[in-house]
Amino acid sequence: PNKDPLGVVLIVDDVTDIRRLERMRSDFAANVSHELRTPITSIQGYAETLEELGPDDLEKSARFLSIIRRNADRLGVIIEDLLTLASLEGPGQLEDASLDMMSLQHLYVELRDRMKQSATQQGVTLAFEGDEGLQFQSKGNLIVEALSNLVSNAIRYGPDSGCVTVTASRDEDHIRFVVQDEGPGIPERHIPRLFERFYRVDTARSRSAGGTGLGLAIVKHIALAHGGEISVQSEMGVGSTFTLQIPHRTDERPISNDSHIIS
Ligand code: ADP
């Protein structure tokens, strides 16, 4: 019989995506370690100094303790954000989560409550616009979480005594939430990566403002979990406008007109 090969079977597997995911995962682990190391090192250092200081220097003790406290709080915030992200990314968890009706009024009351303190501290005026009777669907409290992150950024990066405006509107297919600030703006070249975990435009400013670099990644995941999207427009020296758009589902409106269920 003829033993000559008939041909060659060549199997080509495109592993680009797998490699990219592997790289993202190890980058993420490195980033997390780095973010946690800074406050931990500070806590260790100041705790040691405190031990050496002895009981007499009350003034220094108080100062070091407050630094330790601040860094421990920071660790708490980073871990809180990481857990939120993990729960948003976990397989299947969110796909099955039910959508509950929420009114714009409920959203705005929550946002006012959560943001009052930081807005007052910076002398920022918060303005909420749109028909408060507007209803939309949210998985649990996630739309409140997303908007909180956007408004918190607008307050933190905007100027003292500025104004932050939240507007909601609806067209046939979508509900659109817009958060507008009078901040410094975001340079165009940063925008494509802005929603990545730990991506920051100005790391020092973000850290000193208490940022974790995770807020916008959380917002993006929340948008995706609702079949929506997040986008940003920004002009340097004028301000930034973040738009969260989610589909307006007319097909399933189980409790849409029962506003008493929400209030
Ligand atoms: P952070 O915790 O650092 O605020 P985010 O993921 O919320 O992290 O935002 C990522 C980066 O995007 C921030 O570090 C900041 O540089 C920039 N940024 C976000 N929102 C604004 C805004 N409203 N105005 C200017 N820069 C912003």
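What's counted below: heavy atoms across the whole structure, side chains too, no hydrogens, waters or symmetry copies. Remember, it's 1-based here, ligands and their atoms both numbered in the order they're listed.
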Report task. Check whether any heavy atom of F242 sits under 4.0 Å from an atom of ligand 1. Result -> yes
Report task. Could you check atom 8 (O) of ligand 1 against the protein and tell me its nearest heavy-atom contact, residue, atom and distance included? Result -> G213 CA, 3.1 Å
Requested in this report: Using atom types as modelled and distance alone, determine if a side-chain donor or acceptor of D57 lies under 3.5 Å from a backbone N or O of K60.
Outcome: yes
Query raised in the report: Got a donor-acceptor contact below 3.5 angstrom from the R74 side chain to the G211 backbone?
Result: yes
Query raised in the report: Is R197 paired with E89 through a side-chain N to carboxylate O contact shorter than 4.0 Å?
Result: yes
Report summary line: Closest to atom 2 (O) of ligand 1 (heavy atoms only, candidates T212, V219, T241) is T212
Requested in this report: Could you tell me whether Y108 atom OH has more than 12 heavy atoms of other residues or ligands within 6.0 Å of it?
Outcome: yes
Query - Where ligand 1 meets S206 - atom numbers and elements under 4.0 angstrom, heavy-atom basis - result: 1 (P), 3 (O), 14 (O)
Query raised in the report: Heavy atoms only: which of D181, N153, V77, D202 is nearest to atom 23 (N) of ligand 1?
Result: D181
Query - Heavy-atom side-chain proximity of S148 to L111 below 4.5 angstrom - result: yes
Requested in this report: Name the closest protein heavy atom to atom 17 (C) of ligand 1, giving the residue it belongs to and the distance to 0.1 Å.
Outcome: V201 CG2, 4.0 Å
Requested in this report: Answer whether the closest heavy-atom distance between the side chains of H226 and I143 falls below 4.5 Å.
Outcome: yes
Query raised in the report: Is the shortest N/O to N/O distance between G185 and ligand 1 below 3.5 Å?
Result: no
Query raised in the report: Can you check whether L147 reaches F242 side chain to side chain, under 4.5 Å on heavy atoms?
Result: no
Report task. Just let me know how H190 lines up against ligand 1, side chain, backbone, both or neither, with a heavy-atom cut-off below 4.0 Å. Result -> neither
Query raised in the report: Any N/O of L194 closer than 3.5 Å to an N/O of ligand 1?
Result: no
Report summary line: Judged by heavy atoms only, the candidate from D81, I186, N149 nearest atom 27 (C) of ligand 1 is I186
Query raised in the report: Taking N or O atoms only and a 3.5 Å limit, does Y199 qualify as a polar contact for ligand 1?
Result: no
Report task. Let me see the working for K139 and E145 under salt bridge (Lys or Arg N to Asp or Glu O under 4.0 Å), right down to the final yes or no. Result -> CA-CA 11 Å; K139 294 191 173 181; E145 298 297 335; over 6 Å; no
**Report entry** Nitrogen or oxygen of L216 less than 3.5 angstrom from that of ligand 1
**Finding:** yes
Query raised in the report: Is a side-chain donor or acceptor of Q180 paired with a backbone partner of T165 at a separation under 3.5 angstrom?
Result: no
Query - Over 12 non-hydrogen atoms of neighbours within 6.0 angstrom of CD in Q233 - result: no
Report task. Considering heavy atoms of the protein only, find what lies nearest to atom 21 (C) of ligand 1 and give residue, atom and distance to 0.1 Å. Result -> Y157 CD1, 3.6 Å
Report task. Heavy-atom contacts with S240 under 4.0 Å: which atoms of ligand 1 show up? List them by number with element. Result -> 24 (N)
Requested in this report: Would you check whether G215 has a nitrogen or oxygen atom less than 3.5 angstrom from a nitrogen or oxygen atom of ligand 1?
Outcome: yes
